[in-house]
Amino acid sequence: MPIPERQGVIPRALLRENAYLSIRDAIVDGTLAPGERLNDADLAQWLGVSRTPVREALARLEEAGLVQTKPGRYTMVTPLDVQAARAAQSVTAAMHELAVRQAVPHLSADEIEAMRAANGRFAAALHAGDVDAAIASDDEFHGVAVTAAANSAIRSVLEQFTPMLRRLERLRFASLHGRDSVAQHQRIIELCEAHDVERAAVAARDNWLTLDPLFDFEAPPQ
């Protein structure tokens, strides 16, 4: 996410959030590769901000498992780790299950249609081999229920753990070749439209638990 052009004084909170999002997205899309050393002064120059929001962003990213720090030695992008990825998958799947469970009873026809439209864009992106569009539309699809649930705790947990899974999806493009997700999304839509809370929630959870091919790798020695 580009840093907004300076127009007067930019609030510190906005600088902090922009720095966090920019570095997070660079890690997720592979611009900053697993194991790459990070220098706060270089990052500050790249983003056009002071070192303070960069340091605060790196601290948040460490909590999310995307950055590792050894005080006085190094800060680096966290290498791929199967155990950490599986933990993120379990938590993410559980949060989406809860979001659907809370959202389904009051989903509107417009929200159902938004899910259907997002799934259509997802299918088209997969067909075109466009990983950025596929992930963006998948986020839109699942985001309908997350927004409808109106549960800030769910959103907070997902913001922490989803980027790790998205990073693996981007680095391992073959994971998007499975077209089963389109059918799984359609099944979720049908169950939501039928107000079948239990089965819709389980289907949402299972959709995230089908990412197992992402974990078929060997992390490099550290």
Side-chain angles (χ1 to χ4, degrees), residues 1 13-14 16-18 20-21 24-25 27-29 57 60-61 63-66 84-126 131-170 175-176 178 180-212 214:
M1 174 181 292
L14 180 58
R16 183 171 59 243
E17 187 66 11
N18 282 335
Y20 167 74
L21 293 174
R24 184 201 66 182
D25 291 350
I27 292 173
V28 170
D29 69 19
R60 285 178 65 185
L61 290 164
E63 291 179 0
L66 293 176
R86 287 194 181 280
Q89 179 197 33
S90 297
V91 172
T92 300
M95 289 298 100
H96 281 288
E97 176 184 7
L98 179 58
V100 169
R101 195 178 299 280
Q102 294 184 350
V104 166
H106 51 265
L107 276 177
S108 69
D110 287 344
E111 288 167 324
I112 294 292
E113 183 54 36
M115 295 173 73
R116 188 172 284 115
N119 195 35
R121 290 190 293 273
F122 178 66
L126 287 177
V131 63
D132 289 330
I135 289 177
S137 55
D138 192 49
D139 280 339
E140 290 175 17
F141 173 82
H142 291 288
V144 173
V146 172
T147 299
N151 186 324
S152 60
I154 291 175
R155 186 177 295 278
S156 178
V157 173
L158 288 175
E159 286 177 355
Q160 178 175 352
F161 289 99
T162 303
M164 184 178 296
L165 297 179
R166 293 312 194 194
R167 178 169 73 140
L168 285 172
E169 287 179 319
R170 289 179 182 274
S175 69
L176 291 176
D180 288 348
S181 283
V182 177
Q184 290 166 7
H185 288 176
Q186 181 58 36
R187 179 61 174 159
I188 294 168
I189 293 168
E190 292 169 356
L191 293 169
C192 288
E193 196 166 26
H195 297 286
D196 189 334
V197 175
E198 184 61 31
R199 291 201 292 170
V202 171
R205 178 198 66 198
D206 290 348
N207 180 234
W208 284 91
L209 293 178
T210 59
L211 297 178
D212 285 349
L214 291 175

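These numbers were taken from a predicted model, which means no experiment stands behind them. When reading the values below, keep in mind they use all heavy atoms of this one structure, side chains included, and skip hydrogens, waters and symmetry mates.
Between L165 and A85, the shortest heavy-atom contact is CD2-O, 3.7 Å. Across all their heavy atoms, A99 and A149 have their closest contact at O-CB, 3.6 Å. The two atoms that bring A64 and M164 nearest to each other are O-CE, 3.7 Å, heavy atoms only. Across every non-hydrogen atom of A103 and A145, the tightest pair is CB-O, 3.5 Å. Closest approach of L158 and P163 over heavy atoms only: O-CD, 3.8 Å.
Of the possible polar contacts, none joining the T92 side chain to the Q89 backbone as a donor-acceptor pair under 3.5 Å is found. In this structure, the side chain of S156 does not engage the main chain of S152 through any donor-acceptor pair within 3.5 Å. Side-chain atoms of N119 come within 3.5 Å of backbone atoms of V182 as a donor-acceptor pair (strictly under, hydrogens ignored). Looking at T162, its side chain never comes within 3.5 Å of a backbone N or O of E159 through a donor-acceptor pair.
Under 4.0 Å is where a charged nitrogen must lie from a carboxylate oxygen, and between R116 and E113 at least one such pair does.
Side-chain contact check for R205 versus M95: every heavy-atom pair is 4.5 Å or farther apart. The side-chain heavy atoms of I112 and C192, taken from C-beta on, include a pair separated by under 4.5 Å. F141 places a side-chain heavy atom less than 4.5 Å from the side chain of I188. The shortest distance between side-chain heavy atoms of S181 and N207 falls below 4.5 Å.
Between the CZ atom of R187 and the CG atom of D196 there is a distance of 7.5 Å, given to the nearest 0.5 Å. Rounded to the nearest 0.5 Å, atoms CZ (R24) and CG (D29) are 10.5 Å apart. Here the CD-NE2 distance, from E111 to H106, works out to 7.0 Å after rounding to the nearest 0.5 Å. A distance of 7.0 Å separates CG of L66 from OH of Y20, quoted to the nearest 0.5 Å. Rounded to the nearest 0.5 Å, atoms NE2 (H185) and NE2 (H142) are 3.5 Å apart. Summarising the geometry, atom CG belonging to L98 is positioned 3.5 Å from atom CD1 belonging to I154; distances are rounded to the nearest 0.5 Å.
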- Message: Set out, in order, the CA-CA distance, both residues' side-chain angles and the distance that settles side chain to side chain contact (heavy atoms under 4.5 Å, CB included) for V91 and Q160, then state yes or no.
- Response: CA-CA 10 Å; V91 172; Q160 178 175 352; over 6 Å; no

- Query: side chain to side chain contact (heavy atoms under 4.5 Å, CB included) between F122 and I135: does it pass, once the steps are laid out?
  - Reply: CA-CA 8 Å; F122 178 66; I135 289 177; over 6 Å; no

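Remark: of the listed residues E193, R199, H195, H195 is the sole one forming a side-chain contact (heavy atoms from CB on, under 4.5 Å) with V104.
Qualifying salt bridge (Lys or Arg N to Asp or Glu O under 4.0 Å) partners for D139, counting only residues two or more places apart in sequence or in other chains: R166. By the salt bridge (Lys or Arg N to Asp or Glu O under 4.0 Å) test, E198 pairs with R101, sequence neighbours left out. Checked against salt bridge (Lys or Arg N to Asp or Glu O under 4.0 Å), R121 has the following partners two or more places apart in sequence or in another chain: E140.
Between D206 and Q184, the side chains place no donor N or O within less than 3.5 Å of an acceptor N or O (distance only, hydrogens not considered).
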